[in-house]
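What follows is one structure encoded as structure tokens, with my remarks underneath.
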Amino acid sequence: MPSTLHEKIYAVVRRVPRGRVATYGQVAMMAGFPRHARHVGFALRALPERSKVPWHRILNSRGEVSPRAVPSFDEIQRQLLEEEGIEFSPAGRIDLERYRWEDDVDDFEI
DNA sequence: GATCTGACCACCG
DNA sequence: CCGGTGGCCAGAT
């Protein structure tokens, strides 16, 4: 029975639709860990690059790409998001009001 | 098992 | 929006 913390988190992240984003805290809450936002980051960090899990759709509360240990990944993430039609502000930030994923609403976009 | 670290968040000013 | 503070907790050492 593989329901570990990571598994649950991945399960939630996997449900994030294309062209939408979610925050770490949001994912944590949906996974059933109201105050374990950091573990979401942990779980995603442990994730292999070419995983099916859309880790790039996870942003921090301010709607920007979280700084990673390896800076190059920031650009990769941004590129992936732009490919999905998500626009970045000049400051490299995303309008959460516009792109935030809510469990109820799973379609209608770009 | 104590200590440190971290892809964070809410809260306050 | 920005920066600092406290909190929360699974891994790594």
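Note that these values count all heavy atoms, side chains included, but never hydrogens, waters or copies made by symmetry. Each chain gets a letter, A, B and so on, in the order the sequences are listed, and its residues count up from 1. Here the structure is a predicted model, which is why all the values come from computation and not from measurement.
Taking 3.5 Å as the limit, the base of C:dC8 and the side chain of A:R38 contain a donor-acceptor pair of atoms between them.
The CZ-C1' distance, from A:F33 to B:dC8, rounds to 15 Å in whole Å. Distance, A:E75 CD to B:dA7 P: 18 Å, rounded to whole Å. Put simply, NE2 on A:H39 is 3 Å from C1' on C:dC9, counting in whole angstrom units. Regarding A:M30, its CE atom lies at a distance of 18 Å from the P atom of B:dC8, rounded to whole Å. The distance between atom CG of A:L47 and atom P of C:dA10, rounded to the nearest whole Å, is 19 Å. Computed from coordinates, the A:L44 CG to B:dC8 C1' distance equals 11 Å when rounded to whole Å. Per the geometry, CZ belonging to A:R68 stands 13 Å off P belonging to B:dG6, to the nearest Å. Here B:dA7 presents its C1' atom at 14 Å from CG of A:L80, a figure rounded to the nearest Å.
Checking side-chain atoms of A:R68 against main-chain N and O of A:F73 turns up no donor-acceptor pair under 3.5 Å.
By the 30° and 60° cut-offs, the orientation of the rings of A:H39 relative to A:F42 is parallel.
Shortest non-hydrogen contact noted between A:Q77 and A:V65 is OE1-CG1, 3.1 Å.
Side chain of A:W55, nearest nucleotide from B:dC8, C:dC1, B:dA7: B:dA7. Counting only heavy atoms from C-beta on, A:R62 has its side chain closest to C:dC2 among C:dC2, C:dG11, B:dC9. With distances taken from any side-chain atom of A:N60 to the nucleotides B:dC8, B:dT5, C:dC8, the minimum falls on B:dC8. Residue A:A37 has its side chain nearest to B:dC8 when only B:dC8, B:dA7, C:dC9 are considered. Closest approach to the A:H36 side chain among B:dC8, C:dC9, C:dA10 is made by C:dC9 (side chain taken as heavy atoms from C-beta onward). In this structure, the nucleotide among B:dA7, B:dC9, C:dC9 sitting nearest to the side chain of A:T23 is B:dC9.
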For side chain to side chain contact (heavy atoms under 4.5 Å, CB included), just list the numbers for A:W101 and A:R57, CA-CA rounded to whole Å, side-chain angles, deciding distance to a tenth of an Å, and then say yes or no.
CA-CA 10 Å; A:W101 170 56; A:R57 293 175 190 152; over 6 Å; no
Could you go through A:D95 and A:E87, starting from their C-alpha distance and side-chain angles, then the distance that decides it, and tell me whether this counts as side chain to side chain contact (heavy atoms under 4.5 Å, CB included)?
CA-CA 8 Å; A:D95 185 355; A:E87 300 175 23; over 6 Å; no
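Here A:S66 reaches the OP1 or OP2 of B:dC8: one of its side-chain N or O atoms lies under 4.0 Å away.
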